[in-house]
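Naming: A, B, ... by sequence-line order, numbering from 1 per chain. Quick caveat: nothing in here was measured; it's all calculated off a predicted structure.
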Amino acid sequence: MPVLNIIQAVNDALRLEMKRDDRVVVLGEDVGKFGGVFRATVGLYDEFGPNRVFDTPLAEAGIIATAIGMALYGLRPVPEIQFADFIYPAFDQIVNEAAKMRYRSGGQFTCPMVIRTPFGGGIKGGHYHSQSPEAYFVHTAGLKVIAPSNPYDAKGLLISAIRDENPVIFLEPKRVYRAARSEVPEGEYQIPIGEAKILSEGNDLTIVTYGAMVHTAMEAATRLKDEDNVTCEVIDLRTLMPYDLRTILGSVRKTGRAMIVHEAPRTCGFGAELSAAITERALLYLEGPVVRVTGFDTPFPYALENHYLPSVGRITTAARKLLNF
Amino acid sequence: MPVLNIIQAVNDALRLEMKRDDRVVVLGEDVGKFGGVFRATVGLYDEFGPNRVFDTPLAEAGIIATAIGMALYGLRPVPEIQFADFIYPAFDQIVNEAAKMRYRSGGQFTCPMVIRTPFGGGIKGGHYHSQSPEAYFVHTAGLKVIAPSNPYDAKGLLISAIRDENPVIFLEPKRVYRAARSEVPEGEYQIPIGEAKILSEGNDLTIVTYGAMVHTAMEAATRLKDEDNVTCEVIDLRTLMPYDLRTILGSVRKTGRAMIVHEAPRTCGFGAELSAAITERALLYLEGPVVRVTGFDTPFPYALENHYLPSVGRITTAARKLLNF
Amino acid sequence: MLDFKAFNILHPDGTLGEEARNNPSLNPEQLLFLYRLMLLNRRLDERMIMLQRQGRIGFYIGSAGEEAAIMGSAYALDERDWIVPCYRELGAALIRGYPLFQLICQFFGNAEDIVKGRQMPNHYGNRQLRFVSISSPVGTQIPQATGISLAIKIRGGSEVVLVYFGDGATSQGDFHVGLNFAGVYKTPTIFFCRNNQWAISTPTRCQTAVENIASKAQAYGIEGVQVDGNDLLAVHAVTSKAVERARQGGGATLIEAVTFRLGGHSTSDDPKAYRDEKQVEQWRQRDPLVRLRSYLINGGHWTEDDDTGLEGEIKEQIQENLKRAERVPPPAVDTLFSDVYDTIPWHLREQQEELEGETE
Amino acid sequence: MLDFKAFNILHPDGTLGEEARNNPSLNPEQLLFLYRLMLLNRRLDERMIMLQRQGRIGFYIGSAGEEAAIMGSAYALDERDWIVPCYRELGAALIRGYPLFQLICQFFGNAEDIVKGRQMPNHYGNRQLRFVSISSPVGTQIPQATGISLAIKIRGGSEVVLVYFGDGATSQGDFHVGLNFAGVYKTPTIFFCRNNQWAISTPTRCQTAVENIASKAQAYGIEGVQVDGNDLLAVHAVTSKAVERARQGGGATLIEAVTFRLGGHSTSDDPKAYRDEKQVEQWRQRDPLVRLRSYLINGGHWTEDDDTGLEGEIKEQIQENLKRAERVPPPAVDTLFSDVYDTIPWHLREQQEELEGETE
Ligand SMILES: Cc1ncc(C[n+]2csc(CCOP(=O)(O)OP(=O)(O)O)c2C)c(N)n1
Ligand SMILES: Cc1ncc(C[n+]2csc(CCOP(=O)(O)OP(=O)(O)O)c2C)c(N)n1
Ligand SMILES: [Mg+2]
Ligand SMILES: [Mg+2]
């Protein structure tokens, strides 16, 4: 099996789906001939031509509104937002329009589309090239939200997302765009939306995470094993909405301890939801509070981003505290 | 003391602050001569003239960006967004610009402003005249978020907000705009941002809520007292960011049970944060999970809004379940 | 405001102007078809506004005075074409063949409303009729219409897209991005601005410093034309031309129909609070319905008696549908949870059970 | 692309065109002042791009080829006036007197950076200089500038506001609302569009169907003018006129400076991947720096020797500041939590303690 990175896996998924279904079109800033600033759409323009892959004017509201219109007509648009930080000009179109179209029309009009966008920090991108806006979208009924951590999942989930009948926010962990490499089967395969993956089995602590933080959490789990002989069950959520609460609860009921790790700011972040949902349903299994290791409630910094981002150190410290609760 | 409703209290606060500080300006759609679709700015145009109170073109992004510019210059703008549902075209300006201005400029440039907007359901407004978007803003570092439930608090908090050095989202509970009446002192007074109010003392259950839901929660508390002899401590949060965790924890440690009530959709709503924060810090005091009684994870409906909104019935049922946990 | 120079065929007094010669008119049969629907539109509005006052429906948005703009343009389309409305184009729905009963059920938000009682009155939509779901946020539909028309172009279709919005909407960013994308991609889109002089209490001069909204087309490299919006013939002629151009690959057009909102913005609004009755009176003189009737009567195609008969018919038609609609129950509670997604995810299923349990 | 008809004074070969007669030129002293800063700008850019390649700074955005557009316009302002930059107006900062050391510390994001190392390189800002904080999102600054200028108007001030943006930014909704508000309120704003032909890999013809961006001004009822952006004299003349008009209450102007980005979009970009070297070569012939130098030398105000001397000075000046800046430590960890609000709320205080505790 070929070894790919996440960008290549995304590119592969797009190519396969475009081949399979001529309703799939790709649009966004610089995605055409140039192939995108992260090169995720490279080669698609040459293969499928300007009617299927095209550059847009610099207007995110226009990109998403155009995609909505295309979806209403019956196409399957896959718009790219260059950085998740720049999705807000399209917020109204996403939240008030795409997300509510099916409901408000009594199921007549639908907006199947996949909004791909790189998210997260760790590339020295400062305020505006590092944000993790997933909570805004998880809170918005009508959207699905996906955040893979590795090439294999990225490809299978993107294919599922493109075939899904609902608008999907597809968050790509840009810090590990190239660093995360794995074997990726040739040809199409799907990973079901809504299913988490248990990356390591353990008995002492459940760590729930997603995106680039999966790699940090796995490192922390290794350290905890090596240094404390503590075994962690690391869950890669993969889908944030609808999220796989069953897998989380199964694990927490076993380990009795849960930690959420994400980069986004803590307050009202997705970790809050996970914490609340776990406590609501597994309170009597808990040997300590659900712990959140997250980005801080500040704009994303530049020089100090390594202090901002949850680190192996912060995770292990928090884990030890919880284990001693 | 005169008895006012919330609209009158807001109007009174605006007038007093405009008199006191000539940097305060009011802008928005229909807020000028007409006095706003909810009449909250009535009379201000006549009193302060078109340089201090003016209509804008129909563009929320423009309203907020203009307010940001005015704030940068040294004014104290109080923009109105006609309904909270229409704030999203300005989301980028609020979230990427106003919220981050102080931080990103090393404290040099600031955006003191109060974005007033009516929020919440119960007026048969359907998808787009009923939303409660507070979680989006609470999750955004750099913003303060306020949601009063009654005229007295509305006036005192609005005055504090206008004098505050930070951008404030001021959510007005439109369902009780006219229905909630109370004595309101003449002249200026402030209610500190960040302080909750305990509306009723109790020993069995803490109900944390805000905005129009305060009234529903109080009714439910009365019913629980009457029918079950259960006493509830109802906390009106008033400020959502920074919220008064100390008061909440004080109460939960006493009652051992916590319920959050809000209209907004549940998943990743503000209730999730409160639940997580309470559990993190008071796990050992809890006699049951923190319970959330909220709007559902659907767009805001029209015909069925009374089923969507947390009702006295839903609150009491959930309370009884928690009491029997 | 009344001496604007917009394109006109049918004068306010019901006589034909010079331009009639250069423009293929509608034949009497077509005109009568349109007149009937215009009158239905007017009476339906009046009736629903009354129902709102009586508390039998929650809210209503009328279109009195703007029927010619709305219906003259919608009538220029084929069935295959798409309409992307805002909330004030009841007339376009009627032209499209939107069943009256369906519309009234939407106003009631009852179990037979095809949008399942989920939206406020006037926010309908019908996929079969290619009449797109209406939403409240001003302007969002404009770039969506560009998207539909770009899809048509990409797929080599021959349909065109007609999108409606008000003068207020031209201030939104979405107006700009919608027209700009249309210019860049040369899409088959007709951007139809009902300049009814007001956006709630805000007059058009507060929306833009230019007199002529149609001239904004230049900024996007598309065609722009201003038309007397109270003149059914002129609106139809101008829109037909734009449709033709769009269909032949000539790209988009911005049409500004200069007209006037005779009533309140909605039933929540009292326009007396912000505008001069004199202005309203002047525009009442230009009532598009009266104008068309005069023309039809002058031309011998219609009589006062015909009109009285039609009024009776319409009254009955509305009455009957109302009666039927008022007997329809509200939507079932489980419709609260469907259509958020194509299938109901676990958390909504749980919430549904919770609602059933907690309200037992 | 090279035969545009934009307003021009100084020809590419360094000779004066006809328009020189009708426009007050800058005196030699002023020109030399500007030339020095333009050269500093160019060399600083080159140096920082090299540092980025060496991994000594994280990122950089250069402005080679656009210095005349940026500096000619900024120089038309008074000290009291406001500049609202985007990320490519280093030249405007230099004109403004932004200390070189402060700028370099910002590029390093170190403890002496006045924005406290919180933003990427090129995202500085200086309140004292009325040089507004730069952010990355394209276009957001445009309506903010309108807001500043509206505040000036309301307070009866005499300042004007100059806001910069690229051709790509004209596609954003924020461009539209910014110019539209300025038209409606007749604010003292100069909207300065650097049309450098590219938005990353996207050519201007993909942003808009019109050739002339300045013509978009018509849609807002404000003035519009296109100028040769590589001609310092023309840019200065046109901007001065707009400043004058704004100051006298005449309202806003949209200036389109036709220019070219000679380098990559940023250090993350390789323009060879999407554009023809021939186009770049053509524009190199129009290098604003070379043009100004030719004029100065032809006029006897400057010599090749002077130039060699200046190059040396600049090199040393940059070197010295770099050395100093590289010795400055990174910002203290507690700066992570300040300036989110005016005072630190309890939850951030807790998070700060947590960070201290968890990384012990
Ligand atoms: C984004 C947004 N902001 C504000 C509103 C509230 N609102 C509803 S209609 C309206 C005026 C619209 O005026 P115009 O576009 O001229 O259309 P008209 O009502 O005159 O037909 C306003 C401000 C809204 N629906 N959406
Ligand atoms: C809202 C937003 N979308 C996308 C980007 C990514 N981006 C940064 S610069 C740029 C191109 C800007 O082009 P232009 O406005 O012409 O300015 P130039 O870089 O040519 O000076 C893009 C797409 C961004 N910064 N902000
Ligand atoms: Mg209007
Ligand atoms: Mg450019």
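Side chain of D:Gln351 to backbone of A:Asp297: a donor-acceptor contact under 3.5 angstrom is found. Judged by distance alone, with hydrogens and angles left aside, the side-chain atoms of D:Gln207 form a donor-acceptor pair with the main-chain N or O of A:Leu58 at under 3.5 Å. Of the possible donor and acceptor atoms, one in the side chain of A:Asp30 sits under 3.5 Å from a partner among the backbone N and O of D:Ser201. Although no hydrogens or angles enter the test, the distance criterion places no donor-acceptor pair under 3.5 Å between the side chain of A:His127 and the main chain of D:Ser135.
Taken from CD1 in D:Ile200 to CZ in A:Phe34, the straight-line distance is 7.5 Å, to the nearest 0.5 Å. A distance of 12.5 Å separates NZ in A:Lys33 from OG1 in D:Thr202, rounded to the nearest 0.5 Å. Taking OG1 from D:Thr140 and CZ from A:Phe86, the interatomic distance works out to 9.5 Å, rounded to the nearest 0.5 Å. To the nearest 0.5 Å, the span separating OH on D:Tyr274 from CG on A:Asp55 amounts to 11.5 Å.
Put simply, the residue from D:Arg118, D:His123, D:Met120 that forms a side chain to side chain contact (heavy atoms under 4.5 Å, CB included) with A:Tyr302 is D:Met120.
Under a 4.0 Å N-O distance rule, the pair D:Glu354/A:Lys321 does not qualify as a salt bridge.
Heavy-atom distances place the backbone of D:Ala332, and not its side chain, under 4.5 Å from chain A. In this structure, the portion of D:Val138 lying under 4.5 Å from any heavy atom of chain A is its side chain and not its backbone. Neither the backbone nor the side chain of D:Pro330 comes within contact range of chain A; no heavy atom of the residue lies under 4.5 Å from a heavy atom of that chain. With a 4.5 Å cut-off on non-hydrogen atoms, D:Asp269 touches chain A through its side chain but not through its backbone. When heavy atoms are compared at a cutoff of 4.5 Å, D:Leu336 approaches chain A by way of both its backbone and its side chain.
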With side-chain contact (heavy atoms from CB on, under 4.5 Å) as the test, would you mind laying out the steps for A:Val37 and D:His265 before giving the verdict? CA-CA 11 Å; A:Val37 296; D:His265 170 74; over 6 Å; no
